[in-house]
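These notes are about the structure you will find just below.
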Amino acid sequence: MMLLEGKTVLVTGASAGIGRAVAIGCARHGADIALNFARDVAGAESAVAEIEALGRKAVAIQGDVADPETARDFIDKAVAVLGRVDVFVNNAGICPFHAFLDMPVETFERTMRVNLHGAYYMVQAAANQMVKQGDGGSIIAMSSISALVGGEYQTHYTPTKAGLHSLMQSVAIALGKHGIRCNSLFPGTILTDINKDDLADEAKRSYMEKRIPLGRLGKPDDLVGPTVFLASDLAQYVTGASLLVDGGMYVNLQ
Ligand SMILES: NC(=O)C1=CN([C@@H]2O[C@H](COP(=O)(O)OP(=O)(O)OC[C@H]3O[C@@H](n4cnc5c(N)ncnc54)[C@H](O)[C@@H]3O)[C@@H](O)[C@H]2O)C=CC1
Ligand SMILES: C[C@H](O)[C@@H]1OC(=O)[C@H](O)[C@@H]1O
């Protein structure tokens with residue numbers, strides 16, 4: 001069943017990892033796609049080619065989400081090519097693992113700017129476009145299990161993910177009157193470039209795997225179904241909600 005037929009979906013950070021899987025997954029469900037990407041031109045172009053091969057329209061638009069100008073530019077260019085915005089997926093993010101006591105100011109500030117400030121500007125720009133269209137929409141934030149639990153080397157990162165979830169709760173209230181639903185996904189540990197180095201440590205990887213009742217680390221495609229659900233009319237009465245997509249890791253105390 002095609003759940004996103006006729007919809008236009010915008011995804012940030014979509015040249016690789018979860019964002020790319022979600023963009024292509026939404027296209028499989030009938031959506032046209034606009035992808036934001038930072039630097040990886042080849043990754044963005046190949047994602048566009050994959051989406052077009054599915055018979056859908058796709059456009060890749062370059063921009064650093066930490067720059068407030070990028071948000072307006074992304075929405076305007078996406079609308080110029082695809083006509084409208086029905087679904088906005090705020091996915092772009094970084095997690096440069098580092099200890100707390102000597103966290104460099106620039107690492108802390110860059111993580112905040114990309115993950116949280118960038119999300120704020122993007123969500124605001126997408127929401128303004130949806131309000132202008134006048135027929136609702138769906139905004140989805142790629143938050144994290146890290147909105148709920150800490151990480152020794154993620155003291156700069158986990159607050160951005162809790163902040164993203166909080167942003168979705170508040171904008172769900174602000175935008176409800178416009179029929180715009182706002183929800184968060186909480187991925188657990190998904191194998192992508194963001195944690196390639198961290199999980200190169202065999203002991204850490206095996207510890208993470210053992211914490212997961214479903215017995216494996218996640219893959220980017222694991223986020224497609226939950227994203228499509230929240231994007232689709234199946235979730236027409238779901239807003240301000242969050243969904244863990246973690247193989248059960250969060251609930252596994254002992
Ligand atoms: N992989 C995991 O275990 C988990 C990931 N997440 C979140 O999922 C999202 C996607 O991450 P992954 O696919 O895992 O990592 P990834 O590193 O494969 O993808 C991140 C994407 O964001 C883009 N990006 C980074 N900075 C950007 C900027 N300034 N402007 C535009 N794009 C930018 C990257 O180019 C890349 O395409 C992130 O927000 C991450 O925090 C959440 C929970 C778990
Ligand atoms: C980057 C981490 O491996 C990943 O990102 C998160 O949000 C979780 O903390 C995951 O473990």
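Atoms within a ligand are numbered from 1 in the order they appear, just like the ligands themselves. Sequential numbering from 1 along the given sequence is applied to the chain's residues.
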Val85 pairs by side chain to side chain contact (heavy atoms under 4.5 Å, CB included) with which of Val79, Thr8, Val9? Val79
Separation between NZ of Lys161 and OG of Ser146, rounded to the nearest 0.5 Å: 8.0 Å
Is a side-chain donor-acceptor pair under 3.5 Å present for Asn36 with Thr12? no
Less than 4.0 angstrom from a charged side-chain N to a carboxylate O is my criterion; do Asp40 and Arg20 meet it? no
Would you tabulate the polar-atom pairs, meaning N/O of ligand 1 against N/O of the protein, with distances under 3.5 Å, reported to 0.1 Å?
unit_1: ligand 1; atom_1: 1 (N); unit_2: Ile190; atom_2: O; d: 2.9
unit_1: ligand 1; atom_1: 1 (N); unit_2: Thr192; atom_2: OG1; d: 3.4
unit_1: ligand 1; atom_1: 3 (O); unit_2: Gly188; atom_2: O; d: 3.4
unit_1: ligand 1; atom_1: 3 (O); unit_2: Ile190; atom_2: N; d: 2.7
unit_1: ligand 1; atom_1: 3 (O); unit_2: Ile190; atom_2: O; d: 3.2
unit_1: ligand 1; atom_1: 3 (O); unit_2: Asn195; atom_2: ND2; d: 3.3
unit_1: ligand 1; atom_1: 13 (O); unit_2: Ile18; atom_2: N; d: 2.8
unit_1: ligand 1; atom_1: 14 (O); unit_2: Thr192; atom_2: OG1; d: 2.6
unit_1: ligand 1; atom_1: 15 (O); unit_2: Thr192; atom_2: OG1; d: 3.3
unit_1: ligand 1; atom_1: 29 (N); unit_2: Asp64; atom_2: OD1; d: 2.8
unit_1: ligand 1; atom_1: 29 (N); unit_2: Arg110; atom_2: NH2; d: 3.4
unit_1: ligand 1; atom_1: 30 (N); unit_2: Val65; atom_2: N; d: 3.0
unit_1: ligand 1; atom_1: 37 (O); unit_2: Gly13; atom_2: O; d: 3.3
unit_1: ligand 1; atom_1: 39 (O); unit_2: Asn91; atom_2: O; d: 2.7
unit_1: ligand 1; atom_1: 39 (O); unit_2: Lys161; atom_2: NZ; d: 2.9
unit_1: ligand 1; atom_1: 41 (O); unit_2: Tyr157; atom_2: OH; d: 2.6
unit_1: ligand 1; atom_1: 41 (O); unit_2: Lys161; atom_2: NZ; d: 2.9

Which side-chain N or O atoms in residues 243-254 pair as donor and acceptor under 3.5 Å with protein atoms at least two apart or in another chain?
unit_1: Asp246; atom_1: OD1; unit_2: Gly248; atom_2: N; d: 2.9
unit_1: Asp246; atom_1: OD2; unit_2: Met249; atom_2: N; d: 3.2
unit_1: Asp246; atom_1: OD2; unit_2: Tyr250; atom_2: N; d: 2.7
unit_1: Asn252; atom_1: ND2; unit_2: Arg211; atom_2: O; d: 2.8

Using a distance-only test with no angle check, is there a side-chain donor-acceptor pair under 3.5 angstrom linking Ser206 and Lys210? yes
The criterion is salt bridge (charged side-chain N to carboxylate O under 4.0 Å, His left out); which residues satisfy it with Glu109, sequence neighbours excluded? Arg113
Are Asp135 and Arg84 within salt-bridge range, i.e. N to O under 4.0 Å? yes
Less than 6.0 Å separating the ring centroids of Phe186 and His165? yes
Short N or O contacts of ligand 2 with protein, under 3.5 Å, listed by atom name?
unit_1: ligand 2; atom_1: 3 (O); unit_2: Asn195; atom_2: ND2; d: 3.2
unit_1: ligand 2; atom_1: 5 (O); unit_2: Tyr157; atom_2: OH; d: 3.3
unit_1: ligand 2; atom_1: 7 (O); unit_2: Ser144; atom_2: OG; d: 2.4
unit_1: ligand 2; atom_1: 7 (O); unit_2: Ser146; atom_2: OG; d: 3.4
unit_1: ligand 2; atom_1: 7 (O); unit_2: Tyr157; atom_2: OH; d: 2.6
unit_1: ligand 2; atom_1: 9 (O); unit_2: Ser146; atom_2: OG; d: 2.7
unit_1: ligand 2; atom_1: 9 (O); unit_2: Gln154; atom_2: NE2; d: 3.0
unit_1: ligand 2; atom_1: 11 (O); unit_2: Thr189; atom_2: OG1; d: 2.9

